[in-house]
2 protein chains.
Amino acid sequence: MARTQPQKRATVHDVAAAAGVSRGTVSRVLNGGYVSAASRAAIEAAIADVGYVPNTAARNLVRRRSQAVGFLTLEPHSLLLEDPNIGAIMLGANEELSIADHQMVSLVVDSARDTERVARYLSGGFVDGAIVVSARTHDPITRVIGALGLPATFVGHPPDLSRDTPWVGIDNAGSARALVTRLAAGGRRRIGMIAAALDRDSGADRLAGFRAALGDRFDAGLVAEVPLYDYASGVKGMRELLSREPAIDGVFAASDAVAAGALEVLRDAGRAVPADVGLVGFDDSSWALRTQPPLSTVHQPAREVGAVAADLVLRQINGDHPDPVVLPSPIVWRDSA
Amino acid sequence: MARTQPQKRATVHDVAAAAGVSRGTVSRVLNGGYVSAASRAAIEAAIADVGYVPNTAARNLVRRRSQAVGFLTLEPHSLLLEDPNIGAIMLGANEELSIADHQMVSLVVDSARDTERVARYLSGGFVDGAIVVSARTHDPITRVIGALGLPATFVGHPPDLSRDTPWVGIDNAGSARALVTRLAAGGRRRIGMIAAALDRDSGADRLAGFRAALGDRFDAGLVAEVPLYDYASGVKGMRELLSREPAIDGVFAASDAVAAGALEVLRDAGRAVPADVGLVGFDDSSWALRTQPPLSTVHQPAREVGAVAADLVLRQINGDHPDPVVLPSPIVWRDSA
DNA sequence: TTGTACGCGTTATCAT
DNA sequence: ATGATAACGCGTACAA
């Protein structure tokens, strides 16, 4: 009949009683403070004896700190399931927070209902700060964070006007530009792009880089817009491009997953890569090495992005006022172009 | 000079003062209770005015409930990054918890350090229950949950002796058996398996099902053991199988990702699928449709698994004592075998 | 070194 | 319907 329910937990009071000291002394051995060896021994014994475990809610209440930071993922449909980077970013953040003895709590915002609940959670003193990945312009969550004055860091550059909250990311535009420039240098004449997630900074910036690289030769008719950074979008986008310009001989896919989808369409259409058409992706995710041929792409240091994001919130929690940081994202050139 | 630091937040006390009523009355409008229209109006105005937002830590302290449940992912290396199901499970759980007005907080356990911190977190009253995915035998976290008497649910069947904590999952052994039986029925003579994650119940059960399906024809020399459910493991495993038995004509890969890796090796080796060798996977993840040919596999209702897991903890939190549930996982037969 | 007492922000019980 | 007031479990000046 093991009950899993009420389970009255031992408190400092109980420990004190069992050890024959006052609650203050118990509290002192728990945190750091001067306490005699004798008392300490007795108290430690008592703790083990009554099975005491601190109530963090109470501790937070008095300390006004939770030792936790939120990791917010907006729009999980595309992100949690499709974005190969998000996992690595989380891991990087967790690692960094871990060594600072902070708990990372990952919150997913999947509906209006979620939004409201997460807002309450954030306001409730559960976290000392937040890492927000892929915020869109005018996101309610962004507003809440601002209103709360909660230490925060954006992954990807900050939506709209955004006050002084720092962010960490890569130079999407610059990298895209460099990549496409190199693709063009290979002698390709008709270069198109499958542009994804244009409502996100990364998506918009990659398109901007594409355009900049091509300059006068840019042709708006050669960019296919798709909603997500995923494989299916790549399939769709490539079909569109192919029908619009059968003579296409170069393609910049907004992500490796998109490129993988495009690759399949090209194969089915009988176009050899890279012989007939040069294809490049973005992210250097696991996709890049799984395709045949492996993808030329831009390396995104996902794990480090997460680590830096964590560092930036931590610094703010400690009263600092750090600047944004953009990490290097080198081109890695393989066989697809 | 916008400070993001201290930011003294308004309390019920402030609201009461501003509205000219007592704290009790304020609390009553916040939660439900009888309060005159006049007071209510005044209080609501005051709330908006001073920008009051409830402190959940304080509320939890007195209510002894956090309205949150933890989603624990152990060993994120393989899971968070490689397992295509984990995201869907999370989403399913979040959805269910969301409608019950509970916050899902996802915690990743990536190191010994993490283990200890998460244990503290769990003990701290931050969550009313926990969903644990992929616990191994003798996991410290499992022990903590047991000792705490925290309402919990395992995804996959419970490690070791495990008390009366319910779980949700599929019949890995049965499904694997049915799948391999069908593969064998196609006339394949030498059927091998790439077995992964043998230290997890799902991995061990899939191997057991494979063995059961083959009966007397089972040959231990035809199973290659690999650590993870991922693509790279598939590559490694298939190479091994091929070198051990060049005449192999059927392969059961422990997951779709593994099958995808195996497929590449087969292609490189000049073996046609399904003509020369029949290949089947497991999970019915997005991998299954991306390969050429698409994979015959076992459909895993990941989203529903998550939803049921959430339901099971919720029920326990409300004092119930639910039974384990195993969800149907039908075979979906495509072209790879 | 140790004990006392107050406060953290809410909810809940009790009179009124 | 509303206002005091006592918990909730803990940290921490302050006094001893």
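Throughout, a chain's letter reflects where its sequence line sits, starting with A, and its residues are numbered from 1.
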5' precedence on DNA chain C between B:Pro54 and B:Arg28 (nearest-nucleotide basis): B:Pro54
Please determine if a side-chain N or O atom of [X] lies less than 4.0 Å away from the OP1 or OP2 oxygen of [N].
X: A:Arg64; N: C:dC8; answer: no
X: B:Asn55; N: C:dC8; answer: no
X: B:Ser39; N: D:dT2; answer: yes
X: A:Ser27; N: D:dT12; answer: no
X: B:Ser22; N: D:dG3; answer: yes
X: B:Tyr52; N: C:dT10; answer: yes

For A:Val118, the option from A:Ile141, A:Val108, A:Leu74, A:Asp110 that meets side chain to side chain contact (heavy atoms under 4.5 Å, CB included): A:Ile141
Among A:Asn318, A:Thr153, A:Val132, A:Thr165, side chain to side chain contact (heavy atoms under 4.5 Å, CB included) partner for A:Val313: A:Thr153
Of B:Ala58 and B:Thr25, the one whose closest DNA chain D nucleotide lies more 5': B:Thr25
Nearest-nucleotide comparison on DNA chain D, the residue closer to the 5′ end among A:Arg63 and B:Gly24: B:Gly24
Distance, nearest 0.5 Å, that separates NE2 of B:His102 from CD of B:Gln67: 4.0 Å
From B:Phe71 atom CZ to B:Ile86 atom CD1, the distance as rounded to the nearest 0.5 Å: 4.5 Å
Rounded to whole angstrom units, what separation is found between the [atom1] atom of [X] and the [atom2] atom of [N]?
X: B:Ile43; N: D:dA1; atom1: CD1; atom2: P; result: 14 Å
X: A:Gln67; N: D:dG11; atom1: CD; atom2: P; result: 12 Å
X: A:Asp14; N: D:dC8; atom1: CG; atom2: P; result: 11 Å
X: A:Arg59; N: D:dG9; atom1: CZ; atom2: C1'; result: 11 Å
X: B:Phe126; N: D:dC10; atom1: CZ; atom2: P; result: 13 Å
X: A:Leu61; N: D:dA7; atom1: CG; atom2: C1'; result: 13 Å
X: A:Asn60; N: C:dT10; atom1: CG; atom2: P; result: 14 Å
X: A:Arg120; N: C:dT10; atom1: CZ; atom2: P; result: 14 Å

Pair A:Arg315 + A:Asp323: basic N to acidic O under 4.0 Å: no
Taking any heavy-atom pair under 4.0 Å as a contact, classify [X]: base, sugar-phosphate, or nothing.
X: B:Asn31; result: sugar-phosphate
X: B:Val15; result: nothing
X: B:Thr56; result: nothing
X: A:Val62; result: base

Donor-acceptor pair between A:Asn60 and A:Ser66 side chains, under 3.5 angstrom: no
